[in-house]
Amino acid sequence: MTESAKVRIEWEWEAAPHMKAVELRATFARLTIFVGQDCVTLVEDQESSSSRRAIAVSLYPLAEWLAYNWWFLQADSRHNENEADARRSRQRHSIRHAGDGFFWPDLYVLPEESHIRLTWHPDRIAPQDGLSAS
């Protein structure tokens with residue numbers, strides 16, 4: 001049985017005067033990603049025992065990553081035999097590799113025949129600011 005869930009992406013634009021790159025500053029936002037009822041961008045602060053659903057990122061690197069990897073996200077579901085191919089596949093299919101210094105969720109996008117499988121895992125190691133994404 002296949003479970004279908006809707007993907008919902010929400011953002012709120014934020015000022016980012018500290019960003020030097022114009023494209024990063026112009027597209028800075030609080031980003032929330034849901035798959036069904038699950039919040040992929042949930043961040044838990046263990047020190048304060050609080051959490052938030054949004055991450056603060058520039059949407060430009062995500063848009064660039066999506067555009068660059070569009071074909072792979074739509075049609076590349078090959079199993080990779082060697083480590084180098086597996087590493088390239090992870091970069092093409094995981095939002096984590098959108099990069100530009102932002103801490104992206106470990107959301108993996110894999111096409112499978114007539115649907116797309118989304119999987120993600122909570123981060124077990126907190127980034128340097130003491131926050132961990134779930």
* Structure fact -> CG of L59 to CZ of F102, rounded to nearest 0.5 Å, is 9.0 Å
* **Pairs involving residues 11-30, ordered by first then second residue, that meet side-chain hydrogen bond (donor to acceptor under 3.5 Å, both in side chains) (sequence neighbours left out)** => T27-S58
* Stepwise side-chain contact (heavy atoms from CB on, under 4.5 Å) test for L31 and L62 -> CA-CA 11 Å; L31 174 69; L62 180 59; 4.1 Å; yes
* To do: Compare all side-chain heavy atoms of L73 with those of Y68 and state whether any distance is below 4.5 angstrom.
  => no
* **Within one Ile-Leu-Val-Met-Phe-Trp-Tyr cluster: W70 and W104, side-chain cutoff 4.5 Å** => no
* Asked: How long is the span from the CD1 atom in I33 to the CD atom in E10, to the nearest 0.5 Å?
  -> 10.5 Å
* Asked: Is any side-chain heavy atom of Y60 closer than 4.5 Å to a side-chain heavy atom of W65?
  -> no
* **Polar side-chain atom of D45 near backbone of E47 as donor-acceptor pair, under 3.5 Å** => yes
* To do: Enter the distance from I116:CD1 to L110:CG here, rounded to the nearest 0.5 Å.
  => 9.0 Å
* Supply the atom-to-atom distance D106 CG to S94 OG, rounded to the nearest 0.5 angstrom. => 4.5 Å
* To do: Over all heavy atoms of both residues, which pair between P61 and A98 is shortest? Give the atoms and the distance, please.
  => CB-O, 3.6 Å
* To do: Give, for atom CG of L107 and atom NE2 of H97, the distance between the pair rounded to the nearest 0.5 Å.
  => 11.5 Å
* **Partners meeting side chain to side chain donor-acceptor pair (under 3.5 Å) with S50 (sequence neighbours left out)** => S48
* Between R96 and F103, is NZ or CZ placed under 6.0 angstrom from the six-membered ring centre and within 45° of the ring axis? -> yes
* Can you find a heavy atom in the side chain of F34 that is under 4.5 Å from one in the side chain of I9? -> no
* **Between CD1 on residue I55 and OG1 on residue T32, distance to nearest 0.5 Å** => 8.0 Å
* Asked: Which class fits the ring pair H93 and F72: parallel under 30°, tilted 30 to 60°, perpendicular over 60°?
  -> perpendicular
* To do: Evaluate side-chain contact (heavy atoms from CB on, under 4.5 Å) for L42 paired with S51, printing each intermediate quantity in order.
  => CA-CA 7 Å; L42 180 67; S51 64; 4.1 Å; yes
